[in-house]
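Accompanying notes for the structure given below.
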Amino acid sequence: MNFYYSLIAQCAHTKSLTILRALHSHVIKSCASYLSFGGHKLIHGYIKCGSLDDARKLFDEMPNRHIVTWNSMISSHINHGRSREALDLFGNMLVEGALPDAYTFSAILKAFAEMGVLSHGQRAHGLAVVLGLEVLDGFVASAIVDMYSKFGRIRDAGLVFQRVLDKDVVLCTALIVGYSQHGFYSEALEVFEDMVDRGVKANEYTLASVLISCGNLGDLVNGQLIHSLLVKSGLESVVASQTSLLTMYSKCGMVEDSMKVFNHLAYASQVTWTSFIVGLVQNGREEVAVSVFREMMRCSMNPNPFTLSSILQACSSLAMLEVGEQVHAITLKTGVGGNKYVGAALINLYGKCGYIDKARSVFEVLMELDLVSINSMIYAYSQNGFGQEALQLFERIKKLGHEPNGMTFTSILLACKNAGLVEEGCQIFSSIRNNHNIELTKDHFAGMIDLLGRSKRVEEAAKLIEEVRNPDVVLWRTLLNACRIHGEVEMAEKIIKKIHELAPGDWGTHVLLTNLYASAGKWNQVVEMKSKIRDLKLKKSPAMSWVDVDREVHTFMAGDFSHPRAHEIFYTLHELVEKVKILGYNPDTRFVLQHLDDDEMKLSSLYYHSEKLAIAFALWKTGSRKTSIRIFKNLRVCGDCHSWIKFVSLLTGRDIIARDANRFHHFKGGICSCKDYW
DNA sequence: ATAGGGTTAG
């Protein structure tokens, strides 16, 4: 008999299923009673060889089934992703009166968690309590804690934890993980501190999770403490520890530190690469993120949906259409084009770059139209002035099985504003008030104030702001903008005072007020404001425009003569100015904020605004090609340029799409999609 | 003879 045992063990070791089957039939023939005392050996062998079906067939024939054999059957099915059958086995076990033990529970609880059947799990938990295993066995206890936290029943997990007598590392870690995955970061730290106090030694799993909590709390001090603990425990080189370390640093805003961690890695996993990229994007280091992504591709490391959605986010922040399209191709190639995160990121990218059709085609092929993707699409429509389309999609939300949330309403108010749908916007705003599931935020008020301002209802807008608790600068500035457009000088002055209280030294406000005085013809005040601006030495970020022509980005600053094609640009620009003057363009020197005295100087500074340079360059470069031109500006497009671009689009028959800090302007045939309100 | 916990996105 021992001879057979060693042969079976041999088969199990070498995973030779065919030989094991031969052995099986031989042993059954030669020894009729073999099953009752050697069957478990064969079952074990079959499991090792990966044939659960052989194991199950034999198991069902066995007369006396030992608890260990039950457990092996159950856990092997779970490990092969056949949890359904494992649950059947567990049921049979109870029916036959075999008493589950600690091994059974730790296996079966995991299956309940994976299958998402809470009530079964709770019943098994009850049974474990009755058998006294909950408080006495660390394996069972951690399986229960883990199961509850996977169900989001974090309170239940905590209660079980408290009852367990011997709280070992794994049990503590299970709870820490549960807390940290459900946003209870301080609680996770508390469990950790308590554990350390009790002299339980943390391992890499524990530290990884605690680091994540520190990161999410922005708790750099504890994060660094754990880093030193990691070094002391000699766990520094474990990939997962390094990944969480890197994540902790980037969540605390310490990009340099996360770079240091990354650069010292012996090996970076897919997750590590991704975490690093995510951190860079979140800290506004998009260009670095893109180069790290390229490096990742060069290392033949496959990106996953996390990587791709993150890098697409970077592309849309910088409106890097070219890179974004390459990443889009990668998403299609790797088959994650239907992923909702990737989809939403692509919609944002194309929306931001003014390609509404591309955004829509991504949206239409999404596997799952979740609320975030819908919101992204509505926002893309809004940004680009497609108000009706935004409203139609808004109407469809309920049919698609969702309830609009705060973000939906922010986008839809923006859509109404950008498309001039004032009545529709007012109706939607009052519907938010009546919907008690949605909390009205400052964003909603800002959107509404903007909208009212558009239709000269400045008084109403001012009333609205009174409803807001602690209105912030953004809100006041929105109202101020409405005043500026409609020449409400007195109200504007009051608002300016408010803004100065909230944010002293805000140059944008000075500029707005100066413009306002200028348009009301109050020249004395204009002069006063300008000297104030000069006295305060307020630095404004330089206006900059860029344009993508033939896959090359060209950047321009106002009055910038440094471009290699400066000569051609200025020639084209002057020609354009003269031609559009004939069409009716009238230079508007109110938009000159530099302190220039003579009129000629004023005019030329106006002509050399960065957006005009960018457009002149693009027109010259593309010559007779009738492609549309896309320019980007870091600030709001100025009124004079706006009018000029309208004429240029009429003159040249070219579509010009300009993205400024706030929104898109689609110029076509002398008309802009913003209908002159922005 | 069978068993437990970790890292990335709107």
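Just so we're on the same page: letters track the sequence lines, and every chain starts at 1. Computed over heavy atoms, backbone and side chain alike; hydrogens, waters and symmetry mates excluded. Remember, predicted model here, so these are calculated numbers, not experimental data.
- Taking only side-chain atoms of A:Lys340, from C-beta outward, the nucleotide of B:dG4, B:dT8, B:dG10 with the closest atom is B:dG10.
- In the model, A:Ser411 has no side-chain atom that pairs as donor or acceptor with a side-chain atom of A:Ser382 under 3.5 Å.
- The aromatic ring of A:Tyr205 does not sit over the base of B:dG6, since the test of centres under 5.5 Å and planes under 30° is not met.
- Across all strands, A:Gln313 comes closer than 4.0 Å only to sugar-phosphate atoms, never to a base (heavy-atom distances).
- Side-chain nitrogen and oxygen atoms of A:Gln282 include none within less than 4.0 Å of the OP1 or OP2 phosphate oxygen of B:dT8.
- Judged by atom type and distance alone, A:Asp370 reaches the base of B:dG10 through a side-chain donor-acceptor pair under 3.5 Å.
- A straight line from OH of A:Tyr179 to C1' of B:dT7 spans 21 Å, rounded to a whole angstrom.
- Heavy atoms of A:Ser72 sit under 4.0 angstrom from primed sugar atoms or phosphate atoms, though from no base atom.
- Set against B:dT8, B:dA3, B:dG6, the side chain of A:Tyr103 has B:dA3 as its closest nucleotide.
- Here A:Val177 lies in heavy-atom contact (under 4.0 Å) with sugar-phosphate atoms only.
- Nucleic acid contact class of A:Ile212 (heavy atoms, under 4.0 Å, all strands): sugar-phosphate only.
- The distance from atom NZ of A:Lys110 to atom C1' of B:dG4 is 9 Å, rounded to the nearest whole Å.
- Contacts of A:Val140 with the nucleic acid, taken as non-hydrogen atoms under 4.0 Å apart, are absent.
- Residue contacts shown for A:Val281 are absent, as no nucleic acid heavy atom lies under 4.0 Å away.
- Among the protein residues, A:Val170 comes within range of the nucleic acid bases, having at least one heavy atom under 4.0 Å from a base atom.
- Closest to the side chain of A:Val68, from the set B:dA3, B:dA1, B:dG6, is B:dA1.
- Residue contacts for A:Thr104: at a heavy-atom cut-off of 4.0 Å it reaches no nucleic acid atom on any strand shown.
- Closest to the side chain of A:Ser75, from the set B:dG6, B:dT8, B:dA3, is B:dA3.
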Assess the residue pair A:Glu187 and A:Ile176 against the criterion (side-chain contact (heavy atoms from CB on, under 4.5 Å)); give the C-alpha distance rounded to whole Å, side-chain angles, the decisive distance to 0.1 Å, and a yes or no. CA-CA 8 Å; A:Glu187 285 82 352; A:Ile176 290 172; over 6 Å; no
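- Residue A:Asp101 is out of contact with every strand shown, counting any heavy-atom pair closer than 4.0 Å.
- With A:Phe161 as the aromatic partner, A:Lys167 meets the cation-pi criteria of under 6.0 angstrom to the ring centre and within 45 degrees of the ring axis.
- If you check distances only, the side chain of A:Asn348 never reaches the base of B:dG10 with a donor-acceptor pair under 3.5 Å.
- Computed from coordinates, the A:Met147 CE to B:dG5 P distance equals 13 Å when rounded to whole Å.
- Between the A:His182 side chain and the A:Ser149 main chain, a donor and an acceptor come within less than 3.5 Å of each other.
- Inspection of the A:Ser250 and A:Ser258 side chains reveals no N or O donor paired with an N or O acceptor under 3.5 Å.
- Within the 4.0 angstrom heavy-atom criterion, only backbone atoms of the sugar-phosphate kind lie near A:Ser275; the bases stay farther away.
- For A:His40, taking side-chain heavy atoms from C-beta onward, the closest of the listed nucleotides B:dG6, B:dA9, B:dA1 is B:dA1.
- As rounded to whole Å, 14 Å separates atom C1' of B:dG5 from atom CZ of A:Phe192.
- Note: A:Phe112 and A:His120 have tilted aromatic rings, judged against thresholds of 30 and 60 degrees for the angle between ring planes.
- Atom CG of A:Asn216 is separated from atom C1' of B:dT8 by 12 Å (rounded to the nearest Å).
- Of the candidate nucleotides B:dA1, B:dA9, B:dA3, B:dA3 has the atom lying nearest to any side-chain atom of A:Ser106.
- Distance NE2 (A:His80) to P (B:dT2): 15 Å, rounded to an integer number of Å.
- Here A:Ser76 lies out of heavy-atom contact (under 4.0 Å) with every strand.
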Would you give me the side-chain donor-acceptor pairs under 3.5 Å for residues 340-352 of chain A, sequence neighbours excluded?
{"unit_1": "A:Asn348", "atom_1": "ND2", "unit_2": "A:Ala344", "atom_2": "O", "d": "3.4"}
{"unit_1": "A:Tyr350", "atom_1": "OH", "unit_2": "A:His328", "atom_2": "ND1", "d": "2.7"}

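- Rounded to whole Å, the distance from CG on A:Asn71 to C1' on B:dG4 is 14 Å.
- For A:Trp70 and A:Phe90, the ring centers sit 6.0 Å or farther from each other.
- The side chain of A:Ser142 has B:dG4 as its nearest neighbour among B:dG5, B:dG10, B:dG4.
- If you measure from atom OH of A:Tyr249 to atom C1' of B:dT8, you get 19 Å, rounded to the nearest angstrom.
- Residue contacts for A:Asn203: at a heavy-atom cut-off of 4.0 Å it reaches a base atom on one of the strands shown.
- The side chain of A:His44 lies closest to B:dA1, out of B:dA3, B:dG5, B:dA1.
- Comparing B:dG5, B:dG10, B:dT8 against the side chain of A:Thr247 picks out B:dT8 as the nearest.
- Judged by distance alone with a 3.5 Å cut-off, a donor-acceptor contact links the side chain of A:Asp168 to the base of B:dG4.
- Comparing atom distances between the A:Ala344 side chain and each of B:dA1, B:dG10, B:dA9 picks out B:dG10 as nearest.
- Residue contacts for A:Gly279: at a heavy-atom cut-off of 4.0 Å it reaches no nucleic acid atom on any strand shown.
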